[in-house]
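Contents: one structure, followed by commentary.
Quick caveat, the model's predicted, so the values are computed rather than measured.
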Amino acid sequence: MTIPVTRRRENTRARLMDAAAQVFAEVGLEGASVEAICERAGFTRGAFYSNFESKDELFLQLASSVAEQRLASVRGRIDEFVASGVLRGDADPIELVQKVMDSGLDDRLGVLMMSEIRIRALRDDAFGKAYLAQDRAMLASIEGIIQGIVDSGLFALRIDVPAAAQMLMVQWEGCMARAAVSGWDGEKLHRAGAEALGQLVELIIAPTAP
């Protein structure tokens, strides 16, 4: 009996998160009420609160899920490129990052969501602590990806891995926020982010020995 119940609960949570993303895209974080999310998902408030303590918890988990999907795609493409020989130490950094980041995922919703979540974190101490915990977990995931590349022997860095991860995350978030404000979406948004990361990667990769 446990497996069907667990699957049903996971399905309920997934539907609520999908509905939250849809409602957020239409009205933003503050306008996305629990009632609107439940109505869109086809569930009662009871179903909502049996899965999430609050709307804040749901949106933090949704933002984390969006970011993890992006990171999982990056990990997969790096593994694919290493295996195929596309990822080489003499590759052009901007071109390389473009290939790695070109997953087809739409980043605009994630950018908008994280921007509003940061504003909420600035105004609410409890929410801010939860946001920082999530941010540290995301940074650790990025560090793991970078460390894997360094351990492969393809690249060496001028700085340590934690510093590189922090710089890359800040560069990505800042660039994507500016691109989203400019109204960019789809391929143009991806290209802007990849170029910004590629330029930074070019600076932090240590030169190869002649």
Worksheet item: Is there side-chain contact between Phe24 and Leu62, with at least one heavy-atom pair below 4.5 Å?
Response: no

Practice prompt. Measure the CD-CE distance between Glu143 and Met169 for me, rounded to the nearest 0.5 Å.
Written response: 9.0 Å

Practice prompt. Using salt bridge (Lys or Arg N to Asp or Glu O under 4.0 Å) as the criterion, list what pairs up with Arg120, not counting sequence neighbours.
Written response: Asp56, Asp124

Discussion item. Using every non-hydrogen atom in the two residues, find where Trp184 and Ala192 come nearest and quote the distance to one decimal.
Written reply: CZ3-CB, 3.6 Å

Fill in: Met138 side chain near Leu71 side chain, heavy-atom distance below 4.5 Å
yes

Item to complete: Report the distance from atom CD1 of Ile37 to atom CG of Asp18, rounding to the nearest 0.5 Å.
Response: 11.5 Å

Discussion item. Using every non-hydrogen atom in the two residues, find where Ala164 and Ile146 come nearest and quote the distance to one decimal.
Written reply: C-CD1, 4.1 Å

Fill in: Straight-line distance of Arg45 CZ to Ser50 OG, nearest 0.5 Å
12.5 Å

Discussion item. Pair Arg40, Glu26 - check salt bridge (Lys or Arg N to Asp or Glu O under 4.0 Å), show working.
Written reply: CA-CA 12 Å; Arg40 183 67 59 91; Glu26 296 169 2; 2.9 Å; yes

Item to complete: Please tell me if the side chains of Asn51 and Phe43 come closer than 4.5 Å, counting only heavy atoms from C-beta onward.
Response: no

Worksheet item: Does a sphere of radius 6.0 Å around CG in Asp125 hold more than 12 heavy atoms from other residues, nucleotides or ligands, not counting ones at 6.0 Å or beyond?
Response: no

Item to complete: Would you name the heavy atoms of Ala47 and Leu16 that are closest together and state the gap between them?
Response: O-CD1, 4.2 Å

Worksheet entry | From CZ (Arg70) to OG (Ser65), nearest 0.5 Å | 13.5 Å

Worksheet item: If you measure from NZ on Lys188 to OG on Ser182, what distance do you get to the nearest 0.5 Å?
Response: 8.0 Å

Discussion item. With clusters defined by side-chain heavy atoms of hydrophobic residues (ILVMFWY) lying less than 4.5 Å apart, directly or transitively, does Val170 cluster with Leu157?
Written reply: no

Fill in: Closest non-hydrogen atom pair, Gly110 against Val66
CA-CG1, 4.0 Å

Worksheet item: Less than 4.5 Å apart, any side-chain heavy atom of Arg123 and any of Ile119?
Response: yes

Item to complete: Indicate, with yes or no, if Val181 and Val111 share a hydrophobic cluster defined by side-chain heavy-atom contacts under 4.5 Å among Ile, Leu, Val, Met, Phe, Trp and Tyr.
Response: no

Worksheet item: Are the side chain of Lys55 and the backbone of Ala32 linked by a donor-acceptor contact shorter than 3.5 Å?
Response: yes

Worksheet item: Just by distance, do the side chain of Ser152 and the backbone of Ile149 share a donor-acceptor pair under 3.5 Å?
Response: yes

Worksheet entry | Residue among Arg13, Arg9, Arg15, Arg8 satisfying side-chain contact (heavy atoms from CB on, under 4.5 Å) with Asn11 | Arg15

Worksheet item: CD of Glu57: more than 12 outside heavy atoms within 6.0 angstrom?
Response: yes

Worksheet entry | Trace of the side-chain contact (heavy atoms from CB on, under 4.5 Å) decision for Glu173 with Met114 | CA-CA 9 Å; Glu173 291 175 345; Met114 289 309 303; 5.6 Å; no

Item to complete: Might you point out which heavy atoms bring Ala180 and Leu189 nearest each other, and give the distance in Å?
Response: N-CD1, 4.0 Å

Worksheet entry | Nearest atoms (heavy-atom pairs only) where Leu29 meets Glu116 | N-OE1, 2.8 Å

Worksheet item: Is a side-chain donor or acceptor of Ser73 paired with a backbone partner of Gln69 at a separation under 3.5 angstrom?
Response: no

Worksheet entry | side-chain contact (heavy atoms from CB on, under 4.5 Å) partner of Met167, chosen from Val201, Leu203, Leu200, Leu197 | Leu200

Worksheet item: In Å, rounded to the nearest 0.5 Å, how long is the span from OG1 of Thr12 to CE of Met17?
Response: 13.0 Å

Worksheet item: Would the Phe48 and Phe52 ring centres measure less than 6.0 Å apart?
Response: yes

Discussion item. Does any part of the side chain of Phe155, heavy atoms only, come nearer than 4.5 Å to the side chain of Val150, both counted from C-beta?
Written reply: no

Worksheet entry | N/O donor-acceptor pair under 3.5 Å between Gln171 side chain and Ala196 backbone | yes

